[in-house]
Each structure stands twice: as C-alpha cells, then as structure tokens.
Amino acid sequence: TGKKKGVYIPLAHSNSFNVNHDDLNALFEQIGPQTTIVGHNLKEDSLNLLEEGISLHEPLFDTMIASYLFQSQLPRHSLIDSARRELHYELKPITDLTGTGRNRSSIKESSPDEAAEFCAEDAAIIYHLYERYKKRLVTDKLEDLFYNIEIPLLLILTEMERTGVYIDCDILKEINRTISGEIEKLTEAIYKQAGKEFNINSTQQLSRILFEEMNIPPVKKTKTGYSTDNSVLEALSEDFEIARLLIDYRQLAKLRSTYIESLPQLINSKTGRIHSSFNQTITSTGRLSSSNPNLQNIPIRTRAGREIRKAFTVDDDDYVILAADYSQIELRILGILSKDRNLITAFNHHQDIHAQTAGLILN
C-alpha cells in the first residue's frame, strides 16, 4: 500500500473469515495495467485467485523464478530458503497438521490474526527480494530470459494446471481386470516354482525361499540378508525361471498400484480431471517437471504401459491431444554454436544423427 503496510485478505475458499467478493474484484481493478504484481510462487497465487474469478496480468515478477535462474543447481527456492540465503533472515516456520512447514495450507489453518501477521511478513520479505533480484537480473544479463520466457510461461502453466487432464476410468478398469488376471497367473506360477505359497511382496520371505529353500546362489548381500532387488533378479533370470516370473510380477504389480489404482483417486470431484503441478524451478537443466502426479513418467516401454497411456484422452469431440516434439534440439543448438560441419550437414539432409556419428567414429 502507499504507506508500505501489509494487508491480509483471506480468500473466500479459506477457512477463516473472508472478504466480500466484489470488494476483492474492486481492489484488483485499482491495480493499473502497468503496475508490477510481485510474489513468490505466483503460479499458486494465480490459481487461488482464479477461484475468485480474478486473473493476474503482466507485468509480473516472481521472486521464486528469479532465485532459480540465478542458482538453478540449488535444490530449493522456497521463501524460507531465499530469505535465509539472500537476506540472512529467518522466517518463522508455520507447522500445519502434516508438518510441512510454512505454506499456504498451514496459513489457512491459522487464526485470521496469525495469518495476517505471517502474510504481512511474507510480503515484506518478498518485496526486499524483488528489489535485490530486479537489479541482479540486469547485471547477470537474465532480463530477456526472465521477462520474455519464464514469466509468460508461468501464466501458460497456470492455465494448464487449471484445465487439467481427462482420464477415462472405464479404460483403467478394463486394464485393471486384465492385469489382475495376469498377476494371479504369475502368482500361481511362482508358488509352483517355490513349492509353497508365501508373501511375494515380503523381501525377507522371498530371500528365504530363493536362497535357503531353493538353494539358488545369492548375488548380493545386504545388512539384513541377501538382496532380492531387480538387479539380482535380472542376473538370476538367465538360469532360473522363478526370477523371470518375479520380474514380470513386480512390473505388473507396480503398474497396478502406481497408475491403475492411484490415478482415479487423484481425479478432482468438481472438474472430473487430474490437475498435476508443472514446476518451473526444480530441474537444474531448465526443463519442466511434473508432480502430483508425475505426468512425465507414464510408462510406454511395455505393452501394459502403453495401454495405460490410452486412458489419457479427451472428454469432448471438440478437443484433440496433440503431441509435438522438437527432435534433437540440444544437438541442433550444439551444431549452431560449434559450427561443426558434420553435424550441420547431417541435420540439413535429415540424417539420423546417431547413425551418422557412429559411421564417422567407426569409419
């Protein structure tokens, strides 16, 4: 505000008292189109404001993204970490019921007076970071990357998260029936090989069956006994059928628990979609990451994995799923920067770059 005072405005969907919806709209209408809106993790703020029918507009300044651009190798860019690192200031943690520290959900659990104090402190720290980071973007020559790529991307990711992804649960149910049947057959085959029934998911029981009762030579020992991890089973699979069966069993069981059974539970009851988080400030390479759930890790190498991908579809004929991939973008940049004749020639003639490189190496 003009007097540089912090003002706490609870949103309508918070648990504490809330401001009148029209008053909140009026407040944001007073923010001129040239006024920079500053925040730390503005994407989360933007999603919360969209619940109130309010859209953030550029110019924006996200201190979390700025921190990431300066030090992308660091694992965390939270407000607590940034305040400690840049301002040598310790923000008091707010511990909610899950013990996750200072975050929006823990503030919602606080009383209005407590929330006002915490939020005003956050705003003051964010403003100090903004003043520092704004100058540093200039000295580090990161203005173009920040203002023309990262900030517009923030608004795009906000819309992507809000839109969500449609999952066809009927497809998952059918896959579940098929995979459950295959797991049952594998279970019976494993029992037959072992000569008895046991808990296949118990590493201790499995170790005893394989290395004591079946006298299979152990491959690797741990502090608690002989290992039965996948590398051990792979090594044994050439000579012992039970190892091959166990690999198949684990693969299908993991697909069932991680995706087939879990994905329907993540569907938002209001929208009927899954709303993953797309993170700009996680990877050291600048790539996006996806969490809750990780949509970048849906399996594709196995038949069952490819079936699971079919469940990611559209719920309306007016929509399509479009896949676009810029092939070999890193190597193309390498060719441009290095001006390497072989790389440039290969790309200009649409050759397979790996086959061409292997041909040069092996003459």
Side-chain angles (χ1 to χ4, degrees), residues 73 75-76 97-101 167 169 171-267 274 276-277 279 282-285 287 289-312:
Q73 77 281 3
R76 291 187 300 273
L97 298 176
T98 62
T100 53
I167 304 287
C169 288
I171 291 177
L172 287 180
K173 287 177 184 177
E174 185 59 38
I175 297 170
N176 195 15
R177 279 193 288 269
T178 302
I179 285 185
S180 294
E182 293 178 15
I183 289 174
E184 285 181 18
K185 290 178 183 177
L186 286 167
T187 301
E188 291 301 318
I190 291 168
Y191 289 161
K192 186 175 181 181
Q193 288 284 316
K196 62 188 297 186
E197 292 187 9
F198 65 100
N199 183 358
I200 299 174
N201 299 317
S202 167
T203 54
Q204 290 183 333
Q205 289 188 36
L206 180 58
S207 178
R208 187 170 63 250
I209 291 288
L210 294 178
F211 307 122
E212 295 179 20
E213 298 186 17
M214 296 184 69
N215 293 317
I216 293 175
V219 175
K220 184 167 61 177
K221 193 169 186 178
T222 66
K223 292 180 181 179
T224 57
Y226 293 117
S227 173
T228 60
D229 66 21
N230 275 359
S231 64
V232 169
L233 295 179
E234 289 285 353
L236 296 173
S237 63
E238 292 185 14
D239 300 314
F240 300 96
E241 185 181 352
I242 191 171
R244 292 194 292 274
L245 294 170
L246 285 165
I247 291 171
D248 292 342
Y249 171 90
R250 283 182 176 177
Q251 188 179 68
L252 291 179
K254 184 177 180 179
L255 286 175
R256 183 171 65 177
S257 63
T258 306
Y259 302 105
I260 300 169
E261 294 177 342
S262 297
L263 286 174
Q265 297 176 23
L266 298 173
I267 294 174
I274 286 179
S276 175
S277 296
N279 311 302
I282 299 294
T283 68
S284 60
T285 61
R287 284 178 177 265
S289 74
S290 170
S291 56
N292 303 315
N294 183 355
L295 295 180
Q296 296 174 327
N297 204 31
I298 308 302
I300 195 171
R301 296 183 184 277
T302 63
R303 177 186 57 80
R306 290 189 291 273
E307 289 298 311
I308 291 172
R309 285 195 167 218
K310 291 180 182 178
F312 289 81

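Quick note: residue numbers are just sequence positions, from 1. The analysis underlying the following values was restricted to heavy atoms, covering all of them including side chains, and did not include hydrogens, waters or symmetry mates.
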Would you be so kind as to tabulate the donor-acceptor pairs closer than 3.5 Å made by side chains of residues 234-248, with sequence neighbours excluded?
residue	atom	partner	partner atom	Å
Ser237	OG	Glu234	O	2.7
Glu241	OE1	Gln193	NE2	3.3
Arg244	NH1	Ser237	O	2.5

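- Atom-to-atom distance recorded for Ile260:CD1 and Ile171:CD1 is 12.0 Å, nearest 0.5 angstrom.
- Within the structure, ring-ring contact (aromatic ring centres under 6.0 Å, His included) pairs that include any residue of residues 202-231 comprise Phe211-Tyr226 (at least two apart or interchain).
- Leu263 contributes atom CG, which lies 9.5 Å from atom CD of Gln265 (distance to the nearest 0.5 angstrom).
- Of all non-hydrogen atoms in Ser276 and Pro293, the two that sit nearest each other are OG-O, 2.8 Å.
- Proximity of Asn201 to Tyr249: side-chain heavy atoms (C-beta onward) are separated by under 4.5 Å at one or more points.
- Among residues two or more places apart in sequence or in another chain, the salt bridge (charged side-chain N to carboxylate O under 4.0 Å, His left out) test is passed with Arg256 by Glu261.
- Evaluation of the side-chain contact (heavy atoms from CB on, under 4.5 Å) rule for Asn215 yields no partner, not counting sequence neighbours.
- Shown here are the side-chain contact (heavy atoms from CB on, under 4.5 Å) partners of Arg76, two or more places apart in sequence or in another chain: Asp81.
- Remark: Phe198 CZ to Thr187 OG1 distance equals 9.0 Å, nearest 0.5 Å.
- Applying the salt bridge (charged side-chain N to carboxylate O under 4.0 Å, His left out) criterion to Lys221, with sequence neighbours excluded, gives no partner residue.
- Of all the heavy atoms in Tyr259 and Asn297, the pair that sits closest is OH-O, 2.7 Å.
- Applying the side-chain hydrogen bond (donor to acceptor under 3.5 Å, both in side chains) criterion to Lys310, with sequence neighbours excluded, gives Glu307.
- A search for side-chain contact (heavy atoms from CB on, under 4.5 Å) contacts involving Glu174 returns Arg177, Thr178, not counting sequence neighbours.
- Distance check: Thr258 OG1 to Ile308 CD1 gives 8.5 Å after rounding to the nearest 0.5 Å.
- Remark: the backbone N or O of Thr203 is not paired with any side-chain donor or acceptor of Ser207 at under 3.5 angstrom.
- Checked against salt bridge (charged side-chain N to carboxylate O under 4.0 Å, His left out), Glu188 has no partners two or more places apart in sequence or in another chain.
- Atoms CG and CD, on Leu255 and Glu182 in that order, are 10.0 Å from each other to the nearest 0.5 Å.
- Residue pairs satisfying the salt bridge (Lys or Arg N to Asp or Glu O under 4.0 Å) criterion with at least one member in residues 204-219, sequence neighbours excluded, are listed as follows: Lys196-Glu213.
- At least one donor-acceptor pair under 3.5 Å links the side chain of Thr222 to the backbone N or O of Gly225.
- The distance from atom CG of Asn199 to atom CD of Gln205, rounded to the nearest 0.5 Å, is 5.0 Å.
- The salt bridge (charged side-chain N to carboxylate O under 4.0 Å, His left out) search around Lys254 returns none, not counting sequence neighbours.
- Across all non-hydrogen atoms, the minimal contact from Leu252 to Ile179 is O-CG2, 4.0 Å.
- In this structure, Ser231 and Lys220 approach most closely via the heavy-atom pair OG-NZ, 3.5 Å.
- Counting heavy-atom neighbours within 6.0 Å of Gln204 CD, excluding the residue itself, gives a total of 12 or less.
- With sequence neighbours excluded, the residues forming a side-chain contact (heavy atoms from CB on, under 4.5 Å) with Ser289 are Asn279, Ile282, Thr283, Gln296, listed by chain and number.
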